[in-house]
Amino acid sequence: MLILSVKEGKEKRKKCRTGRQKFAVLFVCLLIGGGICGDRTEMVYAEPEGTDITDLTGQRDETQEQLDAVNETIEELAAEEENVEMQIAEVSEALVQIMAQVELLRQEIDEKELSIAVHQSLYEIAVKREEDQLEAMNVRIRYIYECGDVDYITILVHATSFSDMLTKAEYIESLYEYDRRMLAEYQKTVQEVAEAKAQLEFEKEELEGMLADYEEEQVYMEGVIDELKAISDDYHRQISIAESQAAAYAEQIRRQTEEIRRIEEEARRAAEEEARRVAEEAARKAAEEEAARIAAQQAAADAARTEEMQRQAEAQSLAEEAAQQEAIAAVQASLEQAQQTGVITTTKSASYDVSSIYAANGSDLGKSIAVFACQFIGNPYVAGGTSLTNGADCSGFIFSVYQNFGYKVPRTSYDFRTFGTEVSYENAQPGDVICYPGHVALYIGNGMIVHASSVRTGIKISNANYREFLTVRRII
């Protein structure tokens, strides 16, 4: 029988209170950071004037990250609420069994009381028979005593024969013996019935004690259920608040997307207008001979400057390429050691097992990129950053990782959606880029990703399906 002890019940209630306090603190942070006050949702988004498309896209990505954080909190709260509901079910099951046990004990007590009443009646009957037998015996003894030996002799004298006399004497002896035997039997019956009654009364007291314990346990279980229901209701309230916040962020993202589309349309119209104006100006200048001559001279001068700039650019490019080759060589040495040991040491001096990456399907270069990215687990998330050690956002993290391997990739999560070649998730390999709404991550195999997640968590490992993604892009 499943019975929840008082100690176990207290531990469960303590655990629930601790979980509720933890999420209360988390929600205070969300409410302050997200702009919620009471039941009123404050939109933190305002339509800016003169903001370019990159800033708006970054704001939308940041809002998406906030929405992801709220959704993650909702999932954690829902899990805690489900845990409390399971505890309620367990305690309720125990309570039902206790109530059933209480009812059984009451029935047993009723049966004991009935048995006690029956044995009381048997006891009274046995005592009455004992008294009757004793009285009958006393009457016979008193009669013989009062009559004296004469009657006894008279009985013997009146015997018709010696055999008759012996028969009468034996009858008198048997009568005495019968009285003594019957009296002893009745006395034994009285004692047995009294002992049985005492045993039944003792068993009844034990049952009543057990009943009191179970009734006390029942009251305690009912209190535990009430408290767990209150905790469940509190989690439900917190989930409702978080869902309201998530809806507010979703609305904010919608408005930001509309603003981006509006600016893009205005930019397109402005570009068309500028193209028309340039065409008209070119036609006007083409009609002016002097302007054409000056333009030709200026073109020659510009060509000379361009040639010089190209020469300088080529020299700088060669220097940058040499530096990049050195960086790539250093990266390659670190990766060769990781491939041999199956472990990469992060910049936080922690060891991370990368043997599963090397064991996954895919190109060696893709695996090397994935292993290299794992070196920076635990480093901070910084909006707009591209530093692998001092902080980067989601697209800046991938931008810098690929840069260390001589690849130039987009700087924004939006541009990653059309960069490279699209592959199915089933065919994803280490080094591929997974694009989410407002977010990008680097696939490292076995259904896992490494990404600059949020300000709260920094660069970390997550499940690739932690939320719905848009596309998987192969860069190499």
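Along the sequence shown, the residues carry numbers beginning at 1. Given the structure is predicted, the values throughout are model-derived calculations rather than measurements.
For the pair R106 and E215, the salt-bridge criterion is met [side-chain N within less than 4.0 Å of a carboxylate O]. With respect to the salt-bridge test (charged N to carboxylate O, under 4.0 angstrom), the residues R237 and D234 qualify.
Residues satisfying the salt bridge (charged side-chain N to carboxylate O under 4.0 Å, His left out) criterion with E208, sequence neighbours excluded, are K204. For D61, there are no salt bridge (charged side-chain N to carboxylate O under 4.0 Å, His left out) partners, not counting sequence neighbours. In terms of the side chain to side chain donor-acceptor pair (under 3.5 Å) criterion, residue partners of Q199 (sequence neighbours excluded) are, by chain and number, E203. When the side chain to side chain donor-acceptor pair (under 3.5 Å) test is applied to T57, no partner is found at least two apart in sequence or on another chain. Annotation: ring pair (Phe, Tyr, Trp, His ring centres under 6.0 Å) contacts of Y425 (sequence neighbours excluded): F469. Partners of E258 according to the salt bridge (charged side-chain N to carboxylate O under 4.0 Å, His left out) rule, which considers only residues two or more places apart in sequence or in another chain, are R254. Qualifying side chain to side chain donor-acceptor pair (under 3.5 Å) partners for E85, counting only residues two or more places apart in sequence or in other chains: S232. The ring pair (Phe, Tyr, Trp, His ring centres under 6.0 Å) test applied to F399 returns no partner, not counting sequence neighbours. Scanning for side chain to side chain donor-acceptor pair (under 3.5 Å) contacts around E124 gives Q120, with sequence neighbours left out.
Residues T345 and Q375 fail the side-chain proximity criterion, which asks for heavy atoms closer than 4.5 Å.
Identified under the side-chain hydrogen bond (donor to acceptor under 3.5 Å, both in side chains) test for residues 427-438, with sequence neighbours left out: S424-N427, D432-R474. Annotation: salt bridge (Lys or Arg N to Asp or Glu O under 4.0 Å) contacts involving residues 371-382, sequence neighbours excluded, are absent.
Note that CD of Q218 and CG of D213 are 13.0 Å apart. Values are rounded to the nearest 0.5 Å.
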Show me, pair by pair, the donor-acceptor contacts under 3.5 angstrom made by side chains of residues 354-361, not counting sequence neighbours?
residue, atom, partner, partner atom, Å
S355, OG, D353, OD1, 2.7
S355, OG, D353, OD2, 3.4
Y358, OH, L335, O, 3.2

